[in-house]
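This report concerns only the one structure given below.
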Protein chains: 2
Amino acid sequence: MPIELTPSQALGLWHAVSLAQVRVDSRDLTLRQLAILLHIYLVPPPHTVRGLAATLGVTKPVITRALDTMGALGLVDRVRDDRDRRNVVIKRTVEGAIYLEKFGDLIIDQGRKQPK
Amino acid sequence: MPIELTPSQALGLWHAVSLAQVRVDSRDLTLRQLAILLHIYLVPPPHTVRGLAATLGVTKPVITRALDTMGALGLVDRVRDDRDRRNVVIKRTVEGAIYLEKFGDLIIDQGRKQPK
DNA sequence: GCAAAAAGAAACGCTTGCGTAACGATCCGC
DNA sequence: GCGGATCGTTACGCAAGCGTTTCTTTTTGC
């Protein structure tokens, strides 16, 4: 069952959520960081730096830096892969799950408030 | 008629749209910039620096800089208000309208592709 | 008129992100 | 084992964003 939106609803929803998020949270994640975070939490593991870079169509240092930032915020964690010690496996954290849960609630709330 | 979303749909939609936008567009607008842009195009004018700053809960220079950046990208325009020449009225542009139109289409497309 | 207030921009130092290129560590083929 | 490939990180110079403060222009109150 897909989500059917009118253009006005689509942009209205994005507007309301962006505005609410800007006002609520001083942590100003970039679009890329948010995309990475959502990908880690919504797509089955394992996740590697290389895989994420390919998925987003960006270079590896971009991923490394995003993980640095979000790691410092406690939203993700990194662990060496013992089966191939060149790899780093990106792990979810409790704090990250809570962050996205709140973000999801915000989307749902703003969706309910959309007119028409 | 509000938009009713499950948590999985809400985050899934955001995930898909963020990912698609990152891949499609190298212009990496911050969440704040996007919020400003959407506000200008979705809320009836006039829009001023001061008003936007209050709406987003940020300082005026943040708005000035965002308008500098998006102005350089052709997404918005600035015009002095002749009735009160201290004010600057923020104007929409054709290019900005096209940008948001494409963005809306992207949201609608990704909404249609959402499972469940 | 003229001081005070208001709006927006500019200046300042700082932080963070970028792309490219180089680097150590590890694995693989032979 | 050893040369080459692969993975993630680090280094570099640069651009852009931030908050605070200061400045310029314009309006307002008296």
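Everything numeric in this text was worked out from a predicted model, so none of it was measured. Heavy atoms only: backbone and side chains are in, while hydrogens, waters and symmetry mates are out. Below, chain A is the first sequence line, B the second, and so on; all start at residue 1.
Among the heavy atoms of the strands lying under 4.0 Å from A:Arg50 are primed sugar atoms or P, OP1, OP2 only; no base atom is included. Among the protein residues, B:Arg85 comes within range of the sugar-phosphate backbone only, with heavy atoms under 4.0 Å from sugar or phosphate atoms but none that close to a base.
In this structure, B:Lys60 and A:Arg32 both approach DNA chain C, and ranking their closest nucleotides by distance from the 5' end singles out B:Lys60. If you find the closest nucleotide of DNA chain D to B:Pro61 and to B:Thr69, the one lying nearer the 5' end belongs to B:Thr69. Mapping B:Gly51 and A:Asp84 onto DNA chain C by nearest heavy atom places B:Gly51 at the nucleotide closer to the 5' end.
First and last contacting nucleotides of DNA chain D toward chain B (any atom under 4.0 angstrom from a heavy atom, 5' to 3' order): D:dG17 to D:dT27. On the nucleic acid side, DNA chain C contacts chain A at distances under 4.0 Å to non-hydrogen atoms, with the end points of that region at C:dG17 to C:dC27.
No side-chain donor-acceptor contact under 3.5 Å links B:Arg32 to the backbone of A:Val22. At distances below 3.5 Å, not a single donor-acceptor pair connects side-chain atoms of A:Arg80 with backbone N or O atoms of A:Val89. Within the 3.5 Å criterion, the main-chain N or O of B:Asp77 finds no donor-acceptor partner in the side chain of B:Thr93. The closest donor-acceptor contact from the side chain of A:Arg23 to the backbone of B:Thr55 lies under 3.5 Å.
Counting non-hydrogen atoms of other residues, nucleotides and ligands closer than 6.0 Å to CZ of B:Arg50 gives a total of 12 or fewer.
By the 30° and 60° cut-offs, the orientation of the rings of B:His39 relative to A:His15 is tilted.
A salt bridge is absent between B:Lys102 and B:Asp109; no separation between the charged side-chain nitrogens and carboxylate oxygens falls under 4.0 Å.
Taking CG of B:Leu11 as the start and CG of A:Leu37 as the end, the distance is 9.5 Å to the nearest 0.5 Å.
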